[in-house]
Engineer: 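Next up is a structure, given as structure tokens.
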Amino acid sequence: MTDSFSNLSLAPTLARAVAEMGYESMTPIQAQAIPVVLTGQDVMGAAQTGTGKTAAFSLPLLQRLLKHENPSTSPARHPVRALVLLPTRELADQVAQQIKMYAKYTQLRSAVVFGGMDMKPQTLELKKGVEVLVATPGRLLDHIEAKNAVLNQVEYVVLDEADRMLDIGFLPDLQRILSFLPKQRTTLLFSATFSPEIKRLAGSYLQNPVTIEVARPNETASTVEQRFYAAQDEDKRRVIHKVLTDRGIKQAFIFVNSKLGCGRLARSLEREGLRTAALHGDKSQDERLKALEAFKQGEVDLLVCTDVAARGLDIKDVPAVFNFDVPFNAEDYVHRIGRTGRAGASGLAVTLVSPSDTRLVGDIEKLIKKQLEVETLQLDTQPAVPSAGKWGERPEDRPRARPYEGRRREEFDPRDALESPRRGGFRPAPISRDPFFEKPYEAPQTDVAPSWEPSGPKPVRSSISANIKPKRKVAALFKSGD
DNA sequence: AAAAAAC
């Protein structure tokens, strides 16, 4: 099998776009999936994160649209012929942009619709007619109900991040959407992870599918160095500071399990002098896109995010991913760490493990079929010192959070009103106490800027609660640390 | 134990 795009006999218009984008050789998933998709068969495709799945389905899809005119379509009408569904808005946006680039020199038009944005511009585009529609489920249903999108001539449907699209949270919407599509069509499912149950479920949506697995499903990229560090919750930020400094890491995704925790952690890290943006589903779409863009542009170094950012986002050269919280689903672990080490680059994934996470780490170990070791990172004596921020050093100088007035909890903290990220200096700060958001934060009263270099005696670890089952080595680590 | 996706 050859692995060069030039041997694919793609339409000249597609080949030109591909060449312009600098693509020469295909990745394994592309080399295997493209010829199959070109035949028009249903496909279930599994490949590691960051290996070019989007191109693997969109190029042959566009080729099919170019070569095989739908006979029931008069040139005057432009029904949606291909539908691509994704689980998050940012991902829909990204995939749509990619498809636009591939289709640049063709007559094929594409559009993207997702929530959080004005319906009107999307409606206008749909009315003009598009052959390829990229969408998130909820907003697509809105457009279907408003009769803006007519899907009864769809020939191809792609479920990207298919296992997520088929999980319980999305399934009802997905089934409704599929009910509007012709039974006679090609269905393509792609993901880096497929659990056996989802695989079975997926099979019921496919007809004589060709299964393509270029790696063992759920496999993590070999280019990502995976580390698990034992850390109590109150030590986790210090571990992050230390890893960033020791490794000289400039940028990282930091994943947390909740939206509330996301905002809190972002504020804490920002106060500690790191340029940080937060990305989660309670932010406005404008804020979400801005946070992502600021990270891409290097205007912020840390992107603190929920699993909204776990899948598919393709940002070049992200050197590291932290799991501040161990993800609830082992599959999400695979996707999260897939934000680094993309396209053959190297990456670091650091997961912070507290004693209660034992079971979750075990789940990950089982899923990725790798022996994991939870290590203890030697922390420095000097705890992290929060920068004083623009409101001065004493807590009483800072504006108080306003009392609850029915606003979202995320909006409590006036520091969120900061327009631009600021680089706070390391200044000695008093105990900063925010009754709404923070545990009391013990900071040293010193004029010396804290050093992150290892120094001084071993840190004193706080003892853990006694009801942790010491059955696994994780718990053992905490016990012996005392 | 949560998040995501519509207004």
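The structure presented is a predicted model; accordingly, all values stated were derived computationally and were not measured. Values below: every heavy atom of this structure, side chains too, minus hydrogens, waters and symmetry copies. Each chain gets a letter, A, B and so on, in the order the sequences are listed, and its residues count up from 1.
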Engineer: Closest approach to the side chain of A/Val308, judged atom by atom: which nucleotide of B/dA6, B/dA2, B/dA4 is it?
Structural biologist: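 Shortest atom-to-atom distance from the side chain points to B/dA4.
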Engineer: What integer distance in Å separates A/Gln285:CD from B/dA5:P?
Structural biologist: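 It works out to 7 Å between those atoms.
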Engineer: What contact category does A/Asp173 fall into here, base, sugar-phosphate, or nothing, at under 4.0 angstrom with non-hydrogen atoms?
Structural biologist: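 Here A/Asp173 touches no strand at all.
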Engineer: Just to confirm, is there a sub-4.0 Å distance from OP1 or OP2 of B/dA4 to any side-chain nitrogen or oxygen of A/Thr136?
Structural biologist: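 For A/Thr136, the contact criterion (side-chain N or O under 4.0 Å from OP1 or OP2 of B/dA4) is not met.
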Engineer: How long is the line joining NE2 of A/His335 and C1' of B/dA2, in whole Å?
Structural biologist: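 My rounded result for the distance is 16 Å.
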Engineer: Could you please name the option among B/dA4, B/dA5, B/dA2 that lies closest to any side-chain atom of A/Lys259?
Structural biologist: B/dA4
Engineer: Is any side-chain nitrogen or oxygen of A/Arg359 closer than 4.0 Å to OP1 or OP2 of B/dA1?
Structural biologist: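 Checking B/dA1 against A/Arg359, no side-chain N or O comes under 4.0 Å of OP1 or OP2.
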Engineer: Please determine, by modelled atom types, if A/Thr220 and A/Gln226 share a side-chain donor-acceptor pair under 3.5 angstrom.
Structural biologist: yes
Engineer: Taking any heavy-atom pair under 4.0 Å as a contact, classify A/Gly169: base, sugar-phosphate, or nothing.
Structural biologist: base
Engineer: Quick one: do A/Asp160 and A/Lys53 make a salt bridge, cutoff under 4.0 Å?
Structural biologist: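 No salt bridge links A/Asp160 with A/Lys53.
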Engineer: For a quick check of understanding: with a heavy-atom distance under 4.0 Å over all strands, which category does A/Arg288 fall into, base, sugar-phosphate or nothing?
Structural biologist: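 A/Arg288: backbone/sugar contact only, no base atoms under 4.0 Å.
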Engineer: So if I take residues 187-196 of chain A and measure heavy-atom distances to DNA chain B, which residues fall below 4.0 Å?
Structural biologist: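 Hits under 4.0 Å, by residue number: none.
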Engineer: Counting only side-chain N and O atoms of A/Thr306, is one of them less than 4.0 Å from OP1 or OP2 of B/dA4?
Structural biologist: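 It does, given that an N or O in the side chain of A/Thr306 lies less than 4.0 Å from OP1 or OP2 of B/dA4.
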Engineer: Taking CZ from A/Arg176 and P from B/dA6, how many angstroms apart are they, rounded to a whole number?
Structural biologist: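 Rounding to the nearest Å, CZ of A/Arg176 and P of B/dA6 are 14 Å apart.
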Engineer: In whole angstrom, what separates A/Asp325's CG from B/dA3's P?
Structural biologist: 10 Å
Engineer: Would you mind listing every salt bridge (Lys or Arg N to Asp or Glu O under 4.0 Å) that reaches into residues 215-231 of chain A, with sequence neighbours excluded?
Structural biologist: A/Glu225-A/Arg227, A/Glu225-A/Arg247, A/Arg227-A/Glu375
Engineer: Tell me: CG of A/Asp142 to P of B/dA5, nearest whole Å?
Structural biologist: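 My rounded result for the distance is 14 Å.
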Engineer: Answer yes when A/Lys290 and A/Glu299 have at least one side-chain N-carboxylate O distance shorter than 4.0 Å, and no when they do not.
Structural biologist: no
Engineer: Which whole-number value in Å describes the distance from A/Asn323 CG to B/dA2 P?
Structural biologist: 18 Å
Engineer: How many Å lie between CG on A/Asp233 and C1' on B/dA1, as a whole number?
Structural biologist: 13 Å
Engineer: Nearest-Å distance, CG (A/Leu360) to P (B/dA3)?
Structural biologist: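 The distance from CG of A/Leu360 to P of B/dA3 comes to 15 Å, rounded to the nearest Å.
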Engineer: Remember a base hit wins even if backbone is also touched, and classify A/Asn329 as base, sugar-phosphate or nothing at under 4.0 Å, heavy atoms.
Structural biologist: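 Base, at least one base atom sits under 4.0 Å.
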Engineer: Report yes if the distance between the aromatic ring centroids of A/Phe295 and A/Phe253 is under 6.0 Å, otherwise no.
Structural biologist: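 That pair passes the under 6.0 Å test.
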Engineer: Has the side chain of A/Arg176 got a donor or acceptor atom that lies under 3.5 Å from a matching backbone atom of A/Pro172?
Structural biologist: no
Engineer: Is any side-chain N of the basic residue among A/Asp235 and A/Lys242 closer than 4.0 Å to the acidic one's carboxylate O?
Structural biologist: no
Engineer: Is there a side chain to side chain contact (heavy atoms under 4.5 Å, CB included) between A/Asp325 and A/Phe255? Walk through the geometry before answering.
Structural biologist: CA-CA 7 Å; A/Asp325 299 322; A/Phe255 283 98; over 6 Å; no
Engineer: From the set B/dA4, B/dA1, B/dA3, return the single nucleotide nearest to any side-chain atom of A/Thr88.
Structural biologist: B/dA4
